[in-house]
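Before any comments, here is the structure.
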Number of protein chains: 2
Amino acid sequence: MSDRNRTQATERPEPARRRRGKELIAAIHQAALEETAEQGLGRIGMEGIARRAGTAKTSLYRRWSSPEEIVLDALYHVLPVEEPSPMADDLRGDLIAALTLMRDKFMQPFYGAVVTAILAEAQRNPELRERLYGEVFEPRGGRFTRTVLYHYAERGKVDPARLTPVVLDIGEALMIKYGVDEAKLPDDAYIAAIVDQAILPALGHDAGCDTGGRGRPAG
Amino acid sequence: MSDRNRTQATERPEPARRRRGKELIAAIHQAALEETAEQGLGRIGMEGIARRAGTAKTSLYRRWSSPEEIVLDALYHVLPVEEPSPMADDLRGDLIAALTLMRDKFMQPFYGAVVTAILAEAQRNPELRERLYGEVFEPRGGRFTRTVLYHYAERGKVDPARLTPVVLDIGEALMIKYGVDEAKLPDDAYIAAIVDQAILPALGHDAGCDTGGRGRPAG
DNA sequence: CGAGATAGATACGCTGACGTATCTAATAAG
DNA sequence: CTTATTAGATACGTCAGCGTATCTATCTCG
């Protein structure tokens, strides 16, 4: 066979196939997130992303002007849009479902590492911060127990006066702290404990003082 | 006067004073933390730290072998060792005091940025993680509401069965989440809200179901 | 099939950090 | 004052990423 390679015959067969458009972009997004997860936002670069994506720097600069742009774009396209939705008449079950969704969709090791890296950067970079919350988190939801709590409040199952900013954050706050401290994901039992020991008591639904059927506005 | 500068006469007067030992080390620590706060752990380097500390790279390599070493060392020496101690017979007041201490000593913009940067790095670097928790956080305390809660549990003012890992983390978790989300420090009112709306209810001391003088094991 | 668009390979000069070596100058200890 | 330490300045050679330019190969669309 004739040697059609410009470099060396001993490399990979070089399928000579050429990705473009969405396919190429998706590969670049993926590469950018992987690099960020492995190295942190501070250490990534165009060169590294291009290498990992198996493309040329030229192709990156054609669309983005910095690694951060790529990562932000990637995160937006890759983050799931799900919200807790089922909502039977089961507050506890739905709270657990919401936090489980958070864990399984937003805290998997891969996203987790990326999000942590970006949040750290955003802490020092107000512009990145704006874009992160404005362009990525807000449109992508990221409201878990909140959605559930408002739902039950509307139906009179939860006292709306209890739904302060603090209370709305309890579940997510504990999930995040666990992830940071333990460097692993909370298991089902821990999630249940968050709901039973922190969220429900804060709503006044405390097993210990039993507000089982009174003290709430009529539905 | 005679020109005794080796470089240029237009530089700073060059006091020709030379720091050594602790004084020098402290300056380097400070510089390392500042660099980290500004650039993030991923972007700091020996060169930058030396420049900011106004010393020579040589002096850094004499004691440390990487920027990370310096930062970890710096954090250890710089983090305050305080613990919430006063402890009147005022659970609510002491919880508030503990979280206020956390805010004022550990979350000031400067430390906050450094700690966030390092935590992000530790998320991907198990070895750094070990050292961070083992060499810095543990020996430096970092237990705020925990100390208070155990204290009151020992005196029978709080049901020990309530002091689960989840409950012990509520206050700190909410403080952290606030800091990350808002990029600013919680004010006194927010801290009070954390205590009143999240921690006390989780202890069974809920204003809403009023355990004011009963339901606790006798002291 | 042919034209226009888009990817890919490569080379370039530039800059900045790396880690080391070397030498001089300030300081502390005796 | 003398001597042993320890800082500071500087100069390497090396390496890797930067952002751009150029040219070719592949793909899409009409």
Side-chain angles (χ1 to χ4, degrees), chain A residues 1-32 34-36 38-71 73, chain B residues 2-32 34-36 38-71 73 121:
Chain A
M1 59 180 77
S2 65
D3 183 344
R4 45 185 289 282
N5 293 331
R6 31 215 155 294
T7 49
Q8 291 185 349
T10 53
E11 307 228 315
R12 42 180 156 96
E14 176 101 28
R17 181 164 172 287
R18 194 166 281 191
R19 299 162 299 185
R20 8 175 29 166
K22 296 191 175 188
E23 186 190 358
L24 177 61
I25 293 181
I28 295 172
H29 281 163
Q30 182 64 21
E34 286 174 15
E35 287 278 303
T36 304
E38 281 182 21
Q39 324 244 8
L41 243 208
R43 282 193 249 268
I44 65 172
M46 292 302 228
E47 208 109 18
I49 297 175
R51 217 179 297 128
R52 187 185 288 258
T55 185
K57 267 197 296 180
T58 327
S59 306
L60 300 190
Y61 281 108
R62 215 166 265 136
R63 295 182 213 264
W64 301 276
S65 58
S66 77
E68 286 81 9
E69 298 283 332
I70 306 183
V71 172
D73 199 17
Chain B
S2 66
D3 182 344
R4 47 185 287 283
N5 293 330
R6 31 212 156 296
T7 48
Q8 289 185 351
T10 52
E11 306 229 314
R12 42 179 155 101
E14 177 101 28
R17 180 163 171 288
R18 194 167 281 189
R19 301 161 299 186
R20 12 178 9 158
K22 295 191 176 186
E23 186 190 358
L24 178 60
I25 293 181
I28 295 173
H29 281 164
Q30 183 64 21
E34 286 174 17
E35 286 278 302
T36 304
E38 282 183 19
Q39 325 245 5
L41 244 207
R43 283 193 250 266
I44 64 173
M46 291 303 226
E47 208 109 17
I49 296 175
R51 215 178 298 128
R52 185 184 290 257
T55 186
K57 266 197 297 181
T58 326
S59 306
L60 301 190
Y61 281 109
R62 216 167 264 138
R63 294 181 214 264
W64 302 277
S65 59
S66 76
E68 286 81 8
E69 298 284 333
I70 305 183
V71 171
D73 199 17
E121 194 80 8

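Letters A, B, ... mirror the listed sequences (proteins, then strands); counts begin at 1. Excluded from the calculations below are hydrogen atoms, water molecules and symmetry mates; all remaining heavy atoms, backbone and side chain alike, are included.
Of the two residues contacting DNA chain D, namely Gly21(B) and Lys57(B), the nearest-nucleotide position lying further toward the 5' end is that of Gly21(B). Where Arg20(B) and Gly48(B) each meet DNA chain C at their nearest nucleotide, the meeting point lying more 5' is that of Gly48(B).
For Gly45(A) against Pro67(A), the heavy-atom pair with the smallest separation is CA-CG, 3.8 Å.
Atom CE of residue Met46(A) and atom OG of residue Ser65(A) lie 6.5 Å apart, to the nearest 0.5 angstrom. From Ile49(A), atom CD1 reaches atom CD of Gln39(A) across 10.0 Å, with rounding to the nearest 0.5 Å.
Straight-line distance from the CZ atom of Arg62(A) to the C1' atom of dT22(D): 12 Å, rounded to whole Å. Going from atom CG of Leu60(A) over to atom P of dT20(D) covers 13 Å, rounded to whole Å. To the nearest angstrom, P of dA16(D) lies 17 Å from CD of Glu47(B). Taking atom CZ on Arg43(A) and atom P on dG17(D), their separation rounds to 13 Å, with Å as the unit. Whole-Å rounding puts the Trp64(A) CH2 to dC18(D) C1' distance at 18 Å. Here dT24(D) presents its P atom at 13 Å from CZ of Arg18(A), a figure rounded to the nearest Å. Distance Tyr61(B) OH to dA9(D) P: 17 Å, rounded to the nearest Å. As a whole-Å value, the separation of Arg17(A) CZ from dA9(C) P is 13 Å.
In this structure, the salt bridge (charged side-chain N to carboxylate O under 4.0 Å, His left out) partners of Glu35(B), at least two apart in sequence or on a different chain, are Arg52(B).
Dashed line: the shortest gap from a side-chain N or O of Thr58(B) to OP1 or OP2 of dG8(D) is not under 4.0 Å. Checking the phosphate oxygens (OP1, OP2) of dA7(D), no side-chain nitrogen or oxygen of Thr55(B) falls inside 4.0 Å.
Below the 3.5 angstrom threshold, one finds no donor paired with an acceptor across the side chain of Arg19(B) and the base of dA7(D).
Arg51(B) comes within 4.0 angstrom of sugar-phosphate atoms only, judged by non-hydrogen atoms across all strands, and of no base.
Taking every side-chain heavy atom of Leu24(A) into account, dA7(C) is the closest of dC18(C), dA7(C), dG19(D).
For the pair Thr36(B) and Glu121(B), the minimum side-chain heavy-atom distance is 4.5 Å or more.
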